[in-house]
**Q** 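Have a look at this one before I ask anything.
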Amino acid sequence: MEAVVSRAAASANPLEIRRLCHDYAMKYVNIQREQFKRLGVTGDWDSPYLTLSPGYEAGILTAFRALVARGLIYKGLKPVHWCTSCRTALAEAEVEYEDRTSHTVYVRFPLLDQEKKEVVKSLENPSILIWTTTPWTLPGNLAVCLHPDYDYVALAHNGETFIIAKAMVDAVAKDCNLDDYRIVKEFKGRELEGLHCSHPLLNKQSLVILGEHVTLDQGTGCVHTAPGHGNDDYVVGTKYGLPVFVPVDGEGCFTNDFPLMEGMLVWDTNVPIINYLKEKKLLVKNGVLVHSYPHCWRCHNPIIFRATEQLFMSLDQNQVRQRAIKAIDEVQWIPRWGRDRINNMVEMRPDWCLSRQRCWGVPIPAVTCSGCNASLLELAVIDRVIEQVREQGTDVWYREPVERFVPDDFRCPHCEGKEFTKENDILDVWFDSGASHIAVLEARDDLNCPADLYLEGSDQHRGWFQSSLLVSIGARDRVPYRAVLTHGFTLDEKGEAMSKSKGNVVSPLDIVDDLGADVLRLWVASEDYRNDMKLSHEILERIADAYRRIRNTFKFVLGNLNDFDPKLHTVSYAQLEELDQWALHQLAILAEKIYRAYQAFEFHKVYHLTYTFCVVQMSAFYLDVLKDRLYTSEKNDTTRRASQTTLHYILNALLRLLAPIIPFTTDEAWGFLNEAEPSVHLAEFSTIPAEWKNEPLAQRWETLLTIRSEACKALETARRDKVIGHSLDAEVLIKTPNEKLYDLLCRYLPQLPTLFIVSSCVVAKAAVSDTQEVAEGQLPVLVSIKPAPGTKCERCWKFGIDVGSQKDHPSLCQRCVDVVRRNKQ
RNA sequence: GGGCCUAUAGCUCAGCUGUGGUUAGAGCGCGCCCCUGAUAAGGGCGAGGUCAGAGGUUCGACUCCUCUUAGGCCCA
């Protein structure tokens with residue numbers, strides 16, 4: 001962001017850049033806030049915590065102060081991108097890659113102590129051959145790095161021996177015109193660890209070390225290593241305890257650490273160095289190469305890697321690392337492998353480089369003594385900074401003179417000096433976010449630390465989760481969170497990452513515009529977020545279908561509750577039909593499973609459970625069967641009111657259960673339910689009465705449903721044979737040899753036509769032989785279909801022999817006649 | 001190259017979790033049919049996987065181990 005803003009305002013001062021960055025950030029804060037609202041995200045939108053607010057900034061510095069007080073902050077050298085003409089460090093985003101022609105050199109590093117290792121003892125004038133495109137970094141050389149597991153060879157040529165990687169022999173021999181060479185020895189890289197070579201330019205030694213970063217795509221497999229001039233070199237050098245040697249100053253000129261060319265600009269030394277190596281017979285071959293090389297985005301000059309003083313948080317002082325690793329096991333990681341992921345990262349990571357050479361951020365509250373040039377981090381100074389930042393924000397550091405932050409009686413502890421200048425660097429932004437448990441949780445009365453849950457994508461095991469943990473352990477010696485949940489990433493239909501260049505990006509905002517926020521939310525809920533989630537046209541289409549189905553179920557139930565007032569018409573549980581009790585049993589089971597799924601953060605199970613419930617239990621069975629009762633019974637008939645009571649319970653519970661997932665739809669439906677709470681989001685998950693769960697009843701009904709399914713199969717056959725069209729055209733005959741089944745069927749005989757949605761049913765005993773064909777595991781029943789006897793009642797559509805028995809209602813069955821007559825009264 | 005993760009029907013998920021064992025389940029979609037009093041709806045029936053691939057352990061593996069392939073996140 002600072003780069004974007006700086007490019008727009010070329011020659012702005014720090015305060016101006018900071019103002020532009022602030023406005024830029026606020027613009028996106030507001031955009032994002034509106035987007036979150038549109039997505040139905042719950043939040044305290046009027047008082048978000050913003051890392052750029054004065055209170056938060058003071059919190060960041062409070063965290064930093066605690067680390068200083070515990071002795072965890074130190075200065076060290078670390079290589080950064082450095083522009084020699086701008087005299088400044090560059091962030092990754094400020095580096096642009098352009099083609100550049102570089103000098104390439106093959107240089108021999110003669111072995112000094114070949115007698116120390118058996119494998120090289122007998123070699124004649126052995127040296128390790130390196131290749132580099134930056135000859136000017138050779139003065140900074142401290143080591144030669146080999147891969148421990150690669151094969152290396154000793155290649156004899158003209159009375160001397162070169163050591164290079166076996167895989168590179170052909171390329172190197174060709175490049176260096178080594179015609180008749182012989183391979184005299186072969187060994188693994190690790191066998192040479194600890195040997196010494198003579199330094200090509202300085203009167204010192206170069207250590208042979210091992211590193212996994214060594215590659216075989218270019219060079220010799222032996223890497224010239226200058227810890228002050230490269231990140232890999234720095235990291236591997238640190239492992240071997242090598243110093244960070246930088247013979248180059250801020251203007252890109254050699255210091256007196258390389259007396260031979262002291263004061264010369266590094267770019268001007270490549271040729272002199274090559275000539276010098278030639279003289280010393282150390283150069284095997286030189287050439288040129290066009291390759292992509294980092295340049296400064298501002299002045300377009302090539303940049304260098306140069307170690308500069310940076311501020312670090314130590315992880316091994318006070319055993320921060322060990323304590324963090326111990327603390328990781330106090331946290332619940334969801335999914336569980338998150339523990340291994342962050343554990344490995346904390347175990348392996350280097351000390352945290354906290355300083356950045358930028359101006360948009362929280363300034364490091366250090367002062368430099370003008371007398372002795374010592375950089376000072378003093379608690380007394382930091383406290384004054386915190387105090388003023390809390391009131392005025394961190395601009396105060398840039399706006400006010402240093403005297404405002406240094407107590408009058410303060411003297412440099414090294415030289416008693418009393419003149420100081422302010423530090424220019426800021427803190428890493430990961431420190432900003434990593435301090436939220438101090439800047440927010442500790443600061444707000446309505447919040448507590450540790451937090452119940454941190455929730456982010458799995459990339460944050462290296463980001464926020466880790467920075468929070470390290471700041472928290474370092475500054476407070478406690479975990480910042482009790483649980484950490486991570487989700488995967490959204491991928492395209494093939495499971496590949498979305499990117500602009502691939503053109504497979506699907507914007508969530510477009511989905512919201514096309515299908516609505518609840519459909520997008522339903523999709524999120526439907527996927528198992530613990531893995532990566534695929535998004536495609538088909539998937540969205542499926543979800544939109546499912547959404548409509550759920551919404552339609554709400555609509556259907558609401559329509560049938562139109563004349564139902566729960567206060568007046570509710571029927572007691574005991575008065576409900578068994579079918580209704582079955583439905584409430586199913587609801588109770590569903591609610592139980594959903595509670596469990598929510599508690600386990602398994603939202604996709606909530607989706608699948610409710611969706612299947614709406615489709616299978618409700619739409620395809622209960623609601624379908626209920627239509628006869630709802631449409632043809634007398635308005636105030638107890639059984640009709642019983643069905644409405646049940647529907648009311650079911651919808652009420654469903655809306656509460658789905659409110660977190662489809663908040664807009666459930667709240668809209670809730671409005672028609674006339675409940676006490678004005679919004680479903682103010683209602684709680686309902687407690688399901690214990691009596692609703694009725695296992696014996698459920699088991700009887702499971703059998704009935706199995707028979708129903710047999711009946712449906714038979715009805716389908718009859719439909720195919722043109723015996724019937726609608727199921728109400730049919731009479732079902734069920735025969736079974738099984739006593740228990742027969743008794744069950746007789747017991748429920750009056751209800752069977754309703755359950756099967758047919759006009760009549762007949763149950764009969766069958767001989768055992770009749771059902772021998774029935775496969776094992778299936779119920780021993782035989783179902784046959786014939787057209788229902790009688791004529792069709794105009795009102796309830798059922799066939800009956802009693803239709804027309806009343807002269808004043810020639811097209812109605814007796815049941816309908818009774819209802820019609822009573823309604824007239 | 002390293003750490004961690006994923007791979008079950010067209011789609012989304014079950015199953016496999018330190019406890020391997022009859023014909024691998026569901027819903028959607030699809031096909032065919034019915035209905036028209038949930039209608040930019042509703043109902044029924046049906047066809048689809050041998051569990052990414054290879055090898056191993058075992059009497060027996062989707063389920064355990066190894067490798068390979070494809071993909072993801074984070075590093076290098």
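Here is how names work: the chains are called A, B, and so on, in the same order as the sequence lines, proteins then strands, and each is numbered from 1.
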**Q** Between B:rA38, B:rC73, B:rA14, which one does the side chain of A:F489 approach most closely?
**A**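 Nearest to the side chain of A:F489 among the choices is B:rC73.
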**Q** Can you name the residues that form a salt bridge (Lys or Arg N to Asp or Glu O under 4.0 Å) with A:D580, not counting sequence neighbours?
**A**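 Scan of A:D580 (salt bridge (Lys or Arg N to Asp or Glu O under 4.0 Å), adjacent residues dropped) gives A:R629.
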**Q** Hey, does A:S619 reach any base, or is it just sugar-phosphate, or nothing, if we go heavy atoms under 4.0 Å?
**A**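 Answer is base: heavy atoms of A:S619 come under 4.0 Å of a base.
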**Q** A:G488 near the nucleic acid: base, sugar-phosphate alone, or nothing, with a heavy-atom cut-off under 4.0 Å?
**A**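 No contact.
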**Q** Tell me whether B:rG48 sits syn or anti, counting syn as a glycosidic angle within 90° of 0.
**A**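 It is syn.
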**Q** For A:I342 and B:rC74, give me the distance from atom CD1 to atom P, rounded to whole Å.
**A**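 So the two atoms are 15 Å apart, to the nearest Å.
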**Q** Which nucleotide sits closest to the side chain of A:D232: B:rA76, B:rA38, B:rG44?
**A**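 In terms of side-chain proximity for A:D232, the closest of B:rA76, B:rA38, B:rG44 is B:rA76.
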**Q** How would you list, by chain and number, every residue that makes a ring-ring contact (aromatic ring centres under 6.0 Å, His included) with A:W352, sequence neighbours excluded?
**A**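 By the ring-ring contact (aromatic ring centres under 6.0 Å, His included) rule, A:W352 matches A:F431.
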**Q** Check RNA chain B against residues 327-341 of chain A and give the residues with a non-hydrogen atom under 4.0 Å, in numerical order.
**A**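 Within this stretch, A:W337, A:R341 sit under 4.0 Å of the strand.
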**Q** Looking only at side chains, do A:S536 and A:E493 share a donor and an acceptor under 3.5 Å apart?
**A**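 No, no side-chain donor-acceptor pair sits under 3.5 Å.
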**Q** Dot-bracket, 5' to 3', for RNA chain B please: Watson-Crick or G-U pairs under 3.5 Å, [ ] where pairs cross earlier ones, | where the partner sits on another strand, dots elsewhere.
**A** (((((((..((((.......[...)))).(((((.......))))).....(((((..]....)))))))))))).
**Q** Using atom NE2 of A:H461 as one end and atom P of B:rG3 as the other, report the distance to the nearest whole Å.
**A**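 Atom-to-atom, A:H461 to B:rG3, this comes out as 17 Å.
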**Q** Could you tell me whether A:N552 contacts a base, only the sugar-phosphate backbone, or nothing, with contacts defined as non-hydrogen atoms closer than 4.0 Å?
**A**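 Since a base atom lies under 4.0 Å of A:N552, the category is base.
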**Q** What's the CD-C1' distance between A:Q466 and B:rC75, to the nearest Å?
**A**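 Nearest whole value for this atom pair: 11 Å.
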**Q** Below 3.5 Å, does any donor atom in the side chain of A:K605 face an acceptor in the base of B:rA14, or the other way round?
**A**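 Not at all, since no donor on one side and acceptor on the other fall under 3.5 Å apart.
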**Q** What nucleotide, of B:rA14, B:rA76, B:rC74, holds the atom closest to the side chain of A:D528?
**A**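 Per side-chain heavy atoms of A:D528, the pick is B:rA14.
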**Q** So do the side chains of A:V484 and A:L455 get within less than 4.5 Å of each other, counting heavy atoms only?
**A**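 No, too far: nothing below the 4.5 Å cut-off.
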**Q** Once salt bridge (Lys or Arg N to Asp or Glu O under 4.0 Å) is applied, do any residues pair with A:E668, and if so which ones, sequence neighbours excluded?
**A**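 For A:E668 the salt bridge (Lys or Arg N to Asp or Glu O under 4.0 Å) partners, ignoring immediate neighbours, are A:R551.
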**Q** Name the pairs: protein N/O against N/O of nucleotides 26-33 of chain B, kept only if under 3.5 Å.
**A**
residue : atom : partner : partner atom : Å
B:rG29  : O4'  : A:R542  : NE           : 3.4

**Q** Could you work out the separation of B:rU66 and B:rU57 based on their C1' atoms and round it to a whole Å?
**A**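 Pairwise C1' distance, B:rU66 against B:rU57, rounds to 11 Å.
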**Q** What is the nucleic acid contact for A:L715, judged by heavy atoms within less than 4.0 Å: base, sugar-phosphate only, or nothing?
**A**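 It contacts nothing in the nucleic acid.
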**Q** For the side chain of A:D459, counting heavy atoms from C-beta on, which of B:rU12, B:rC73, B:rU36 is nearest?
**A**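 Between B:rU12, B:rC73, B:rU36, the one nearest the side chain of A:D459 would be B:rC73.
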**Q** Side chain of A:T553, base of B:rA38: donor and acceptor closer than 3.5 Å?
**A**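 Check fails, no donor-acceptor contact within cut-off.
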**Q** Quick one: salt bridge (Lys or Arg N to Asp or Glu O under 4.0 Å) partners of A:D721, sequence neighbours excluded?
**A**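 A:D721 satisfies salt bridge (Lys or Arg N to Asp or Glu O under 4.0 Å) with no residue once adjacent residues are dropped.
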**Q** Would you tabulate the nitrogen or oxygen pairs shorter than 3.5 Å linking the protein to nucleotides 69-71 of chain B?
**A**
residue : atom : partner : partner atom : Å
B:rG71  : O2'  : A:G495  : O            : 2.4

**Q** Which is true for A:E794 with a 4.0 Å heavy-atom rule: it touches a base, it touches only sugar-phosphate, or it touches nothing?
**A**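 Base, at least one base heavy atom under 4.0 Å.
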**Q** According to side-chain hydrogen bond (donor to acceptor under 3.5 Å, both in side chains), who are the partners of A:D351, at least two apart in sequence or on a separate chain?
**A**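 Partners of A:D351 by the side-chain hydrogen bond (donor to acceptor under 3.5 Å, both in side chains) criterion, ordered by chain and then number, come out as A:Y74.
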**Q** Categorize A:W523 for me: base, sugar-phosphate, or nothing, with a 4.0 angstrom heavy-atom threshold over every strand shown.
**A**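 Touches nothing.
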**Q** Can you sort out the partners of A:K555 under salt bridge (Lys or Arg N to Asp or Glu O under 4.0 Å), two or more places apart, ordered by chain and number?
**A**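 A:K555: no salt bridge (Lys or Arg N to Asp or Glu O under 4.0 Å) contacts found.
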**Q** The side chain of A:Y631 is closest to which nucleotide in this list: B:rA38, B:rC11, B:rC75?
**A**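 Closest nucleotide among those given: B:rA38.
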**Q** Output all residues satisfying ring-ring contact (aromatic ring centres under 6.0 Å, His included) with A:Y595, sequence neighbours left out; order by chain, then residue number.
**A**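 Checked A:Y595 against ring-ring contact (aromatic ring centres under 6.0 Å, His included); matches are A:F685.
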**Q** Which residues pass the side-chain hydrogen bond (donor to acceptor under 3.5 Å, both in side chains) test with A:E541, not counting sequence neighbours?
**A**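 In terms of side-chain hydrogen bond (donor to acceptor under 3.5 Å, both in side chains), with neighbours along the sequence ignored, A:E541 is linked to A:H537.
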